[in-house]
Amino acid sequence: RLLSLRYVRATLLVAPGPYRALCLVPAGATAGWLRDRAAAGHEIAPPGWEHTGTGVVRGPRSAAAWVASRGCAEFAGLDADEARRRILAGFEVLAACDLVPWGFVPPAGLASGPTLRSLESLGYRYVSTTLAVIALWTRRRLRCVSRCHRPGAVGQTLGRQVVRAAADAAATGRPVRLALHPADLERRGLRRDTLTTIDRILALGIRPSTYLDLFDPEPGDGHLRVGA
């Protein structure tokens, strides 16, 4: 509602699989709300299947992945078979809810090489990382750091400063990306900072967009190749 009042369209992330004992079901209230948001111009994209760590990343990368994703690095170290299985499982649930995803936003932007190749082979248009949004069919990269408060996690103080600085970055002509967590809106200070930053950016005459808006339409028939 707060974004709609500002005529801001966003990419809304929803884990289609079991997450915190909840599942997305076609007749459920959450699915209905998401359909309404999609009809209003927002994009729906999955942040994985169940948004939980798989524990397959080894060595120093394991600790880094855990900190960056707050324990949710689901796709950071998956092989091709497991990545494809989880991607397809998520697609099937979203499709059953009349929500077709065109992009993929893995937790903390961490995805293994086999995950990226699986997404490309299935016809997904883009994948988001912490540092860029990548068009999978051309490998074009739009470099843009994801700015997040990290509410309640290590780095929240720094994250708050980074979000506040987003408007200054936008004023210089750089692309700006805000990654908002539901907890941002539950904490009065973070909610105020977030909305103030958005209002400052809008005052510059900048038009917000979804991830899907960033790239030209995919060549071909424009349909995902899931199941092919």
Side-chain angles (χ1 to χ4, degrees), residues 1-16 24 29-48 51 90-91 93-95 97-107 109 119 123-138 140-149 151 162-186 190-218 222-224:
R1 182 178 61 86
L2 293 172
L3 294 179
S4 296
L5 289 173
R6 291 165 168 79
Y7 301 99
V8 171
R9 293 185 304 117
T11 298
L12 307 179
L13 307 185
V14 53
L24 188 65
T30 298
W33 181 84
L34 289 170
R35 286 191 291 270
D36 289 343
R37 295 305 89 211
H42 298 281
E43 178 191 1
I44 310 300
H51 202 66
F91 177 87
V93 171
L94 290 171
C97 296
D98 293 324
L99 300 165
V100 177
W102 291 100
F104 196 76
V105 186
L119 289 167
Y124 278 77
R125 292 187 180 182
Y126 72 82
V127 65
S128 169
T129 73
T130 301
L131 300 179
V133 185
I134 305 169
L136 288 168
W137 72 95
T138 63
R140 174 192 166 201
R141 290 173 176 261
L142 176 64
R143 298 192 180 278
C144 183
V145 174
S146 178
R147 299 169 183 261
C148 178
H149 282 301
V162 168
V163 170
R164 285 174 173 172
D168 295 330
T172 68
R174 286 180 286 170
V176 168
R177 183 162 47 130
L178 297 179
L180 306 182
H181 190 280
D184 291 346
L185 302 179
E186 296 170 357
L190 297 184
R191 182 172 66 245
R192 182 183 61 248
D193 286 354
T194 297
L195 295 178
T196 297
T197 297
I198 291 173
D199 288 340
R200 288 181 61 199
I201 292 173
L202 293 175
L204 296 171
I206 294 173
R207 182 179 65 86
S209 70
T210 66
Y211 282 143
L212 189 58
D213 291 335
L214 297 176
F215 303 106
D216 293 332
E218 179 182 4
H223 294 285
L224 289 177

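What you are looking at is a predicted structure, and each value in this text was computed from that prediction instead of being measured.
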Original post:
Tell me, do Leu119 and Tyr126 make a side-chain contact under 4.5 Å, heavy atoms counted?
Top reply: no
Subject >> Side-chain heavy atoms of Arg174 within contact of Arg143, under 4.5 Å >> reply: no
**OP:** Using the side chain to side chain contact (heavy atoms under 4.5 Å, CB included) rule, take Trp137 and Tyr124 through it: C-alpha gap first, then chi angles, then the decisive distance, then the call.
**Re:** CA-CA 8 Å; Trp137 72 95; Tyr124 278 77; over 6 Å; no
Original post:
Do Pro208 and Leu202 come close enough that some side-chain heavy atom pair is under 4.5 Å?
Top reply: yes
Original post:
Looking only at heavy atoms, which two atoms of Ala179 and Ser146 are closest? And how far apart?
Top reply: CB-OG, 3.3 Å
**OP:** First locate atom CD1 of Ile206, then atom CZ of Arg200, and finally report the distance between them rounded to the nearest 0.5 Å.
**Re:** 11.0 Å
**OP:** Specify the closest pair of heavy atoms between Glu43 and Leu212, including all atoms of both residues, with the distance to one decimal.
**Re:** OE1-N, 3.1 Å
**OP:** For the residue pair Val133 and Val127, establish whether any side-chain heavy-atom pair is separated by less than 4.5 Å.
**Re:** no
**OP:** Applying side-chain contact (heavy atoms from CB on, under 4.5 Å), name anything that partners Ala40, two or more places apart in sequence or on another chain.
**Re:** Arg37, His42
Original post:
With a 4.5 Å limit on heavy-atom distance, are the side chains of Leu180 and Thr194 in contact?
Top reply: yes
**OP:** Might you point out which heavy atoms bring Pro106 and Ser128 nearest each other, and give the distance in Å?
**Re:** CD-O, 3.4 Å
Original post:
So do Pro101 and Ile44 actually touch side chain to side chain, heavy atoms under 4.5 Å?
Top reply: no
**OP:** Verify whether one side chain among Thr196 and Asp199 offers a donor that lies under 3.5 Å from an acceptor in the other.
**Re:** no
**OP:** Indicate whether the side chain of Tyr211 and that of Arg177 have a donor and an acceptor atom separated by less than 3.5 Å.
**Re:** yes
Original post:
Of all heavy-atom pairs between Asp213 and Arg9, which one has the smallest distance, and what is that distance?
Top reply: OD2-NH2, 2.6 Å
Subject >> Euclidean distance, Leu204 CG relative to Asp168 CG, rounded to 0.5 Å >> reply: 9.5 Å
Subject >> Leu178 vs Ile198 side-chain heavy atoms within contact, under 4.5 Å >> reply: yes
Original post:
By side-chain contact (heavy atoms from CB on, under 4.5 Å), which residues pair with Cys97, not counting sequence neighbours?
Top reply: Leu24, Pro26, Ala31, Arg35, Leu99
Original post:
Of all heavy-atom pairs between Ile201 and Ala167, which one has the smallest distance, and what is that distance?
Top reply: CG1-CA, 3.8 Å
Original post:
Which heavy atom in Pro46 sits nearest to a heavy atom in Gly103, and how many Å separate them?
Top reply: CD-O, 3.3 Å
**OP:** Decide yes or no for Trp102 and Thr210: does some side-chain heavy atom of the first lie under 4.5 Å from some side-chain heavy atom of the second?
**Re:** no
**OP:** Check the side chains of Arg147 and Thr197 for a donor-acceptor pair under 3.5 angstrom, ignoring hydrogens and angles.
**Re:** no
